[in-house]
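What follows is one structure encoded as structure tokens, with my remarks underneath.
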Amino acid sequence: MAKILIPTPLRQFTAKQDSVTVPGATVGEVLTALTTEYPDLRKQIFTEEGKLRSFVNVYLNDEDIRYIGRDAAPAADADTLSLVPSIAGGMPGGTN
Amino acid sequence: MIRIEPEPWAAMVAHGQASYPNECCGAMLGSTERDSKTVRQAIALENAFDGVQAARYELRPEDLLAADKAARERKMDLIGIYHSHPDCDAYFSTTDLQNSCPWYSFVVLSIQKGEFHHANCFLPNFDQTEAPKEELIY
Ligand SMILES: [Zn+2]
């Protein structure tokens, strides 16, 4: 079980809740439980193939799950998951 | 529609001008009403792009996570991201689009010769193929 912080624009899919607690022993299980309980969230976070969208990073407390075992990272009751987008930009000619 | 209050607006313009000729970036906190958003606070974030920053910016997810935490503590919402275009119009470039997120409003400030010139706001879509303009009031 873990708490998941919901970014403002996604709260319309979680009945306005700014955080939700769902079951699961790993990050993968928690994310599956989240999108099962709130199916409209699925499209926001996952592609149709079930992969995390390119702009979505998942943090377990203060750590990017990519560095701690991704979906297999254990999630305890006291843990907090956050969904954080990757954002960057640039102008033509600025790629060098 | 997105409205930026005078205080955060002044902070964003000052950040853009101080970072010139480099791009600056930051987060906008405020509130979301039915069909409008109000920015009440701007948080300057570090441009983490590893290279020449005159035409590139990159936000660290850790910094964005901290901005979201700050918003929650202040009973506000993280509603948008801003960045500057030094000596360039305030448009949403292909690189901006390909590295955007449909959850937030994106304000672009044009800083010409070190001075604020104009600004626009964009709402990128899911597939990162389009970013229609959002009405911006400042
Ligand atoms: Zn840009």
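Hydrogens, waters and symmetry mates are skipped; everything else that's a heavy atom, side chains included, is used. Within every chain, numbering begins at 1; the chains are lettered A, B, ... in the order of the sequence lines, protein sequences first and strands thereafter.
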Linking I/L/V/M/F/W/Y whenever their side-chain heavy atoms sit closer than 4.5 Å, directly or via other members, would [X] and [Y] fall into one cluster?
X	Y	value
B/Ile43	B/Trp9	no
A/Ile68	A/Ile4	yes
A/Val27	A/Leu41	yes
B/Tyr82	B/Tyr20	yes
A/Leu5	A/Val20	no

**OP:** May I ask you to check whether over 12 heavy atoms, not counting those of B/Glu7, lie within 6.0 Å of atom CD?
**Re:** no

Original post:
Around atom CD of B/Glu33, are there more than 12 heavy atoms of other residues, nucleotides or ligands at under 6.0 Å?
Top reply: yes

Does [X] reach the main-chain N or O of [Y] with its side chain, forming a donor-acceptor pair under 3.5 Å?
X	Y	answer
B/Arg56	A/Met91	no
B/Asn99	A/Ile87	no
A/Thr8	B/Ile79	no

Heavy-atom proximity to chain B below 4.5 Å, by part of [X]:
X	result
A/Leu10	side chain
A/Thr47	neither
A/Asp18	both

Subject >> Per-residue contacts, residues 103-133 of chain B versus chain A, heavy atoms under 4.5 Å >> reply: B/Trp103, B/Tyr104, B/Phe106, B/Phe126, B/Gln128

Original post:
What is the minimum heavy-atom distance between A/Ile6 and B/Arg72, and which atoms define it?
Top reply: O-NH2, 2.8 Å

Less than 4.5 Å to any heavy atom of chain A: does that hold for the side chain of [X], its backbone, both, or neither?
X	answer
B/His85	both
B/Arg60	neither
B/Glu62	both
B/Leu65	both
B/Thr32	side chain
B/Phe92	neither

Original post:
Going from CG on B/Leu64 to CG on A/Leu83, what distance comes out if it is rounded to the nearest 0.5 angstrom?
Top reply: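 Here the rounded value is 12.0 Å.
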
Original post:
Which distance, rounded to the nearest 0.5 Å, do you find between the CD of B/Gln98 and the OG of A/Ser54?
Top reply: 10.0 Å

Original post:
Going by heavy atoms in the side chains, are B/Leu78 and A/Pro7 under 4.5 Å from each other?
Top reply: no

Subject >> Test item: B/Pro61 and A/Tyr59 side chains (from C-beta on) under 4.5 Å apart, heavy atoms >> reply: yes

Original post:
Ion pair present between B/Lys69 and A/Asp62, side-chain N to carboxylate O less than 4.0 angstrom?
Top reply: yes

